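Note that the structure is a prediction, hence the values are computed from the model and not measured.
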Amino acid sequence: MEMQKNQKKAYICGLAAVCLWSTVATAFKLSLRHLGPEPLLFYASLTSALVLLLILALQGKMGDLTRLSFKKARFSLFLGGLNPFLYYLVLIRAYDLLRAQEAQAINYTWAITMSLLAIPLLGQRLRGLQILAMGLGYLGALIISTHGDLLGFEMENPLGFALAMGSTVIWALFWIFGVRDTMDPTLRLLLNFCCGTIYTGTWALLSGISLIPNGPGFLGAVYIGVFEMGVTFVLWMSALRLSRTTAQVSNLIYLAPFLSLFIIHFLVGETIYASTLVGLAFILVGTVVQKFADAHESS
């Protein structure tokens with residue numbers, strides 16, 4: 001009975017996380033109408049750091065923070081440079097240049113990119129299923145960026161496409177290098193976002209970019225900081241911890257891109273292209289094939 005209750009809680013937490021993540025592409029696009037990438041990231045990172053600090057206090061783990069030595073925390077200086085600083089700065093710029101539907105769909109190739117980078121960085125072998133997964137995923141990204149015109153191969157915004165693909169590399173590197181960090185996940189993310197806030201603020205000041213927000217842009221940044229970078233992560237980790245198996249919860253993530261497209265259509269006002277749906281299908285099938293290949297590798 002207790003196991004059933006925990007599984008039910010796992011599904012509730014998992015679905016809540018997926019629903020919140022589904023709103024983020026829309027939040028990025030709407031917020032960028034009022035605020036540039038740097039101030040948007042600065043206030044979102046600052047909000048996330050404050051939210052994670054509150055969560056750490058509610059979990060009774062503030063002692064872990066006060067006892068933390070620089071030797072243990074210094075790796076977070078590096079990880080915070082990857083995420084949130086570089087990852088979100090590149091991703092938000094991609095959202096600024098692309099339609100929300102395109103940026104969010106291309107971003108889902110990160111799992112395939114991570115497996116590709118794991119070959120040279122972790123010494124993993126490239127197998128047939130992984131090649132198939134990469135082919136499907138990146139073909140889907142090209143279908144989206146060319147609006148289905150693969151033969152003409154004309155991209156509406158090549159820079160935006162390059163930034164969206166580049167963000168998946170940064171995100172994958174963050175997770176690959178993060179494997180070495182044995183710190184409590186909430187504490188680790190808190191340090192990452194503290195560092196990311198400092199890096200973003202410093203970059204903006206050195207670049208002469210104003211960080212003074214307006215009302216709608218600031219509210220958008222706060223929303224992103226809470227529901228993309230803060231609370232949602234804790235919900236997802238809780239779902240994984242409570243679930244009998246990781247797969248029972250992790251498969252819920254495949255609902256997110258389709259819910260996201262629905263929200264983008266009605267709130268951002270974008271017409272959802274058939275090429276986006278086809279490309280996204282290729283990406284998700286490639287991701288499923290990649291999961292199957294990883295499971296086969298570990299068995």
Side-chain angles (χ1 to χ4, degrees), residues 14 18 21-22 25 82-83 87 90-91 94 98-158 160-179 236 240 243 245-261 272-299:
V18 166
W21 272 326
S22 299
L82 289 176
N83 174 49
Y87 170 65
V90 171
L91 180 63
L98 299 174
R99 293 176 179 84
Q101 61 184 286
E102 296 167 345
Q104 72 96 20
I106 292 171
N107 189 246
Y108 275 90
T109 62
W110 71 267
I112 297 170
T113 302
M114 183 164 65
S115 296
L116 179 62
L117 291 175
I119 296 168
L121 294 178
L122 299 179
Q124 295 183 3
R125 289 181 293 175
L126 183 63
R127 298 183 180 274
L129 282 177
Q130 290 174 316
I131 295 173
L132 175 61
M134 292 171 193
L136 290 169
Y138 294 135
L139 176 60
L142 288 175
I143 290 172
I144 292 167
S145 63
T146 61
H147 294 174
D149 185 15
L150 290 175
L151 294 179
F153 203 73
E154 290 188 10
M155 296 183 184
E156 188 174 352
N157 198 309
F161 173 76
L163 289 173
M165 293 298 295
S167 71
T168 69
V169 175
I170 300 168
W171 184 249
L173 288 173
F174 171 75
W175 283 104
I176 289 173
F177 291 131
V179 171
W236 187 250
L240 294 176
S243 181
T245 65
T246 300
Q248 286 177 282
V249 168
S250 61
N251 289 335
L252 294 174
I253 202 67
Y254 296 113
L255 296 172
F258 297 103
L259 287 173
S260 183
L261 290 178
I272 305 301
Y273 294 112
S275 56
T276 298
L277 295 173
V278 173
L280 181 58
F282 271 89
I283 291 170
L284 293 181
V285 170
T287 303
V288 171
V289 172
Q290 183 59 59
K291 285 184 68 175
F292 183 78
D294 292 341
H296 180 73
E297 179 75 17
S298 60
S299 62

Q: Indicate whether any N or O donor in one side chain lies under 3.5 Å from an N or O acceptor in the other, for Gln290 and Ser115.
A: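 Side-chain D/A pair, Gln290 to Ser115: present.
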
Q: Would you say Leu150 and Leu139 make side-chain contact, with heavy atoms under 4.5 Å?
A: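 Touching, per the 4.5 Å side-chain cut-off.
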
Q: To the nearest 0.5 Å, tell me how far Ser167 OG sits from Asn107 CG.
A: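 Separation between the atoms: 4.5 Å.
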
Q: Find out whether Phe292 and Leu129 are in side-chain contact, i.e. whether some heavy atom of one side chain is under 4.5 Å from a heavy atom of the other.
A: yes

Q: Closest heavy-atom contact between Gly166 and Val90?
A: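 Shortest heavy-atom contact: C-CG1, 4.5 Å.
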
Q: Nearest 0.5 Å, what's the CG-CG distance between Asp149 and Leu142?
A: 11.5 Å

Q: What's the shortest heavy-atom distance between Gly286 and Ala133, and which atoms?
A: O-CB, 3.2 Å

Q: If I take atom CG from residue Leu91 and atom CD1 from residue Ile170, how far apart are they, to the nearest 0.5 angstrom?
A: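 So the CG of Leu91 and the CD1 of Ile170 are separated by 9.0 Å.
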
Q: How close do Gly160 and Ala94 get, counting heavy atoms only, and between which atoms?
A: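 Looking at all heavy atoms of both residues, the shortest contact is O-CB, 3.8 Å.
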
Q: Closest heavy-atom contact between Ser22 and Leu259?
A: OG-CB, 3.4 Å

Q: Any side-chain heavy atom of Leu173 sitting closer than 4.5 Å to one from Leu121?
A: yes

Q: Working to the nearest 0.5 angstrom, can you tell me the gap between Ile144 CD1 and Met155 CE?
A: 11.0 Å

Q: With side chains defined as the heavy atoms from C-beta onward, is the minimum distance between Glu102 and Ser145 less than 4.5 Å?
A: no

Q: Would you say Val18 and Trp236 make side-chain contact, with heavy atoms under 4.5 Å?
A: yes

Q: Provide the closest heavy-atom pair for Ile106 versus Ala164 in the form atom of the first, atom of the second, distance.
A: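 Scanning both residues completely, I find the closest heavy atoms to be CG2-CB, 3.7 Å.
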
Q: Identify the two heavy atoms, one from Ile119 and one from Met134, that lie closest to each other, and give their separation to 0.1 Å.
A: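 Looking at all heavy atoms of both residues, the closest pair is CD1-CE, 4.3 Å.
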
Q: Under the side chain to side chain contact (heavy atoms under 4.5 Å, CB included) criterion, do Thr146 and Phe161 qualify, and how do the steps go?
A: CA-CA 10 Å; Thr146 61; Phe161 173 76; over 6 Å; no

Q: Check whether any side-chain heavy atom of Glu156 lies under 4.5 Å from a side-chain heavy atom of Leu98, and answer yes or no.
A: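 Result no, sub-4.5 Å side-chain heavy-atom pair not found.
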
Q: What is the distance from atom OG1 of Thr109 to atom OH of Tyr138, rounded to the nearest 0.5 Å?
A: 5.5 Å

Q: Looking at side-chain heavy atoms only, is the closest gap between Tyr254 and Thr287 below 4.5 Å?
A: yes

Q: Got a second to check how far Trp21's CH2 is from Ile253's CD1, nearest 0.5 Å?
A: 5.0 Å

